[in-house]
Amino acid sequence: MKKDIFLGSALVAMSVILFVELQKTKNPAIMADQVSAATFPSLLVGVLLLLGVLLVVTACLKKNKQKGQEGQARPAPFNWGKLRYTYQVPMLMFVFLCFYIFLTPVIGFYTMTFLFFVSTGILLGGPARKNIAMVVPAALASIIFVYYVFQVYMRVIMPDGLLY
């Protein structure tokens with residue numbers, strides 16, 4: 001609970017600093033009915049501020065509730081083995097994302113996107129044939145959609161590589 005109070009306070013402080021810096025943003029001459037360049041970042045900083053305040057408040061409430069129940073059961077010791085299994089899938093997704101980011105210029109956007117979608121789908125759904133039969137067509141449909149919308153219609157050039 002102490003770490004929640006610390007993290008929430010850090011989020012609040014960081015949000016205040018970011019909000020002050022966003023107020024210094026010079027906006028181009030805009031019409032009265034348009035939003036400025038700092039509107040969306042200000043909204044995100046406001047949400048971050050709200051979440052930081054909520055984290056501090058809930059941690060303080062838990063701490064006060066726990067003080068009233070002192071002398072009862074002590075919490076179980078921390079289990080490092082359980083932590084590894086808890087974060088195994090998110091860590092693998094992070095590794096897949098890193099490979100995707102760094103190998104896209106080398107191998108190509110469409111090939112790496114297909115491999116990323118399929119590997120992530122198999123990781124999340126398992127290696128069953130039914131899952132693979134759903135993931136591969138969905139990945140192909142996504143790539144075809146991106147190709148036609150961005151490369152054909154909008155004429156955006158995607159990163160080429162060895163395998164297109």
Side-chain angles (χ1 to χ4, degrees), residues 1-19 21-22 38 40-66 69 72-151 154 156-164:
M1 274 166 270
K2 288 181 183 180
K3 70 178 178 182
D4 288 343
I5 294 172
F6 174 75
L7 288 174
S9 301
L11 282 175
V12 169
M14 186 175 69
S15 299
V16 169
I17 292 169
L18 288 173
F19 191 73
E21 288 298 317
L22 280 171
F40 185 68
S42 297
L43 177 70
L44 292 179
V45 168
V47 169
L48 188 66
L49 176 71
L50 177 69
L51 291 175
V53 168
L54 287 175
L55 185 61
V56 170
V57 169
T58 55
C60 289
L61 290 175
K62 277 185 182 179
K63 191 173 181 181
N64 287 340
K65 184 178 179 182
Q66 194 177 37
Q69 297 175 351
Q72 293 182 359
R74 302 185 86 202
F78 191 74
N79 185 355
W80 287 100
K82 185 178 176 184
L83 182 70
R84 186 181 92 198
Y85 292 112
T86 303
Y87 292 106
Q88 191 171 14
V89 172
M91 290 303 294
L92 281 172
M93 292 216 24
F94 177 73
V95 168
F96 289 169
L97 183 64
C98 289
F99 278 128
Y100 176 70
I101 290 169
F102 291 118
L103 292 178
T104 295
V106 176
I107 294 177
F109 175 75
Y110 296 110
T111 306
M112 280 307 298
T113 301
F114 176 75
L115 292 174
F116 177 71
F117 282 0
V118 169
S119 62
T120 304
I122 291 172
L123 175 69
L124 294 176
R129 285 186 176 162
K130 184 179 178 182
N131 183 41
I132 294 172
M134 289 173 38
V135 167
V136 171
L140 285 173
S142 299
I143 290 173
I144 291 169
F145 176 77
V146 168
Y147 174 77
Y148 279 108
V149 168
F150 288 98
Q151 196 142 356
M154 296 172 60
V156 174
I157 298 171
M158 297 297 182
D160 287 337
L162 298 174
L163 302 174
Y164 188 70

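The chain is numbered in sequence order, starting from 1.
Ring geometry for Phe109 versus Tyr100: interplanar angle of 30 to 60°, hence tilted.
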**Asked** Would Tyr147 and Gln151 count as a side chain to side chain contact (heavy atoms under 4.5 Å, CB included) if you check the C-alpha gap in whole Å, the side-chain angles of each, and the deciding distance to 0.1 Å?
**Response** CA-CA 5 Å; Tyr147 174 77; Gln151 196 142 356; 3.9 Å; yes
**Message:** Walk me through whether Leu140 and Val136 qualify under side chain to side chain contact (heavy atoms under 4.5 Å, CB included).
**Reply:** CA-CA 6 Å; Leu140 285 173; Val136 171; 4.3 Å; yes
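For the pair Ile122/Val118, a side-chain contact is recorded, criterion being any heavy-atom separation below 4.5 Å from C-beta on. In this structure the side chain of Met158 reaches within 4.5 angstrom of the side chain of Val146, judged on heavy atoms. For the pair Phe19 and Leu49, the minimum side-chain heavy-atom distance is 4.5 Å or more. Between Leu44 and Leu48 the shortest side-chain heavy-atom distance does not fall below 4.5 Å.
Annotation for Met134: atom CE does not count as buried by contact number, only 12 or fewer foreign heavy atoms lying within 6.0 Å. Around CZ of Phe114, the count of heavy atoms belonging to other residues, nucleotides or ligands within 6.0 Å exceeds 12.
Atom OG1 in Thr104 sits 5.0 Å away from atom CE in Met112 (nearest 0.5 Å).
Nearest heavy-atom pair, Ile5 versus Ala59, reported as atom, atom and distance to 0.1 Å: CG1-CB, 3.5 Å. Of all the heavy atoms in Met93 and Leu124, the pair that sits closest is SD-CD2, 3.8 Å.
Between the side chain of Thr120 and the backbone N or O of Phe117 there is no donor-acceptor pair closer than 3.5 Å.
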